[in-house]
Amino acid sequence: MIDRIASVPDMASRSKGLSQNGKSIGFVPTMGALHEGHLSLVRRSVSENDVTVVSIFINPTQFAPSEDLDKYPRDIDGDLEKLDSVGSVIAFIPSIDEIYPEGYRTYVNVEGITEVMCGEFRPGHFKGVTTVVAKLFNIVRPDRAYFGQKDFQQAVVIRKMAADLDTGIDIVLCPTVREEDGLAMSSRNQYLSSEERKAASVIYRSMFETSEMLRSGSLMAGDARGYLVKKLRANKMVGEVQYASIYDPVTFEEIRGEGAEEMLIAVALYIGGTRLIDNMLLKLG
Ligand code: PAF
């Protein structure tokens, strides 16, 4: 059963009551257009907490004016049906005015790790993400919050924000859910034409082959960037490759030379007009 809440005070007082009654709260923040990736986070939260709150809020402050805020997929009825099939959750669906009322002026920013990778190509994006997530954390007051590994940099940035602001919230990173051909599930996959959708499988294939080469020792991390970019570009539907390389999963510095025990293979590129990202964490030894 879905309990739908729209106002900030109603959500905050519900959470307060739950905590006072000793109930643990799991939280899954989303922008809606829910797919199996989101639902896997919701299932995990339901299994680990007394109550799960799922927020659906398309956050305008994380989109640049040139980005896809207006066309971002919206399907609240479909989302509620999907949530209902998972179990009993509270759906927090605030309006934009509820989150950013007239005169709103406060922003939360994590420095350094937000200026590389996606941050380099989407300036201000992570500031919008950490601002809304900090606000949602204050409203929902969860014990645990769940994020997917597909948006690895986002999860690391949020974990740092949660720790630096002493929220006490446990940030749980969950595996990427993939389509049969390996494409990471994403609400933005809906933008792809059928030809583009077929081409998009090159991302996972190229990352996987790179990870296998690194694992077997036949490729050094310092050479992996060239190898990965070549594999991606072999598909003629691939447009701008914003980044495709091997990074330290804590600092997001590019790894050169032989490599390290833990490495992040990360890609952001365009297929047609759609920007797609993917991440794979590689643990050697
Ligand atoms: O990953 C998303 O869907 C969004 O960035 C998030 C975390 C819900 C914040 O708006």
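In each ligand, atom 1 is the first atom listed, and ligand 1 is the first ligand listed. Heavy-atom basis, side chains included; hydrogens, waters and symmetry copies ignored.
- Looking at heavy atoms from C-beta onward, I203 lies in side-chain contact with M207 at the 4.5 angstrom threshold.
- Here the heavy atom of the protein found nearest to atom 3 (O) of ligand 1 is M31 CG, 3.6 Å.
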Just list the side-chain donor-acceptor pairs under 3.5 Å for residues 251-266, sequence neighbours left out, or say none.
from : atom 1 : to   : atom 2 : distance (Å)
T251 : OG1    : E253 : N      : 3.2
E254 : OE2    : S245 : OG     : 2.6
E262 : OE2    : K283 : NZ     : 3.2

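- More than 12 non-hydrogen atoms from other residues, nucleotides or ligands lie less than 6.0 angstrom from CD of E240.
- Considering only non-hydrogen atoms, atom 1 (O) of ligand 1 lies nearest to Q154 out of Q154, H125, K150, H38.
- Applying the 4.0 Å criterion to heavy atoms of Q62 picks out, from ligand 1, the atoms 4 (C), 5 (O), 9 (C), 10 (O).
- Side-chain contact annotation: E48 with Y146, donor-acceptor N/O pair under 3.5 Å present.
- For ligand 1, the atoms sitting less than 4.0 Å from at least one non-hydrogen atom of V132 are 9 (C), 10 (O), numbered in the order shown with element in parentheses.
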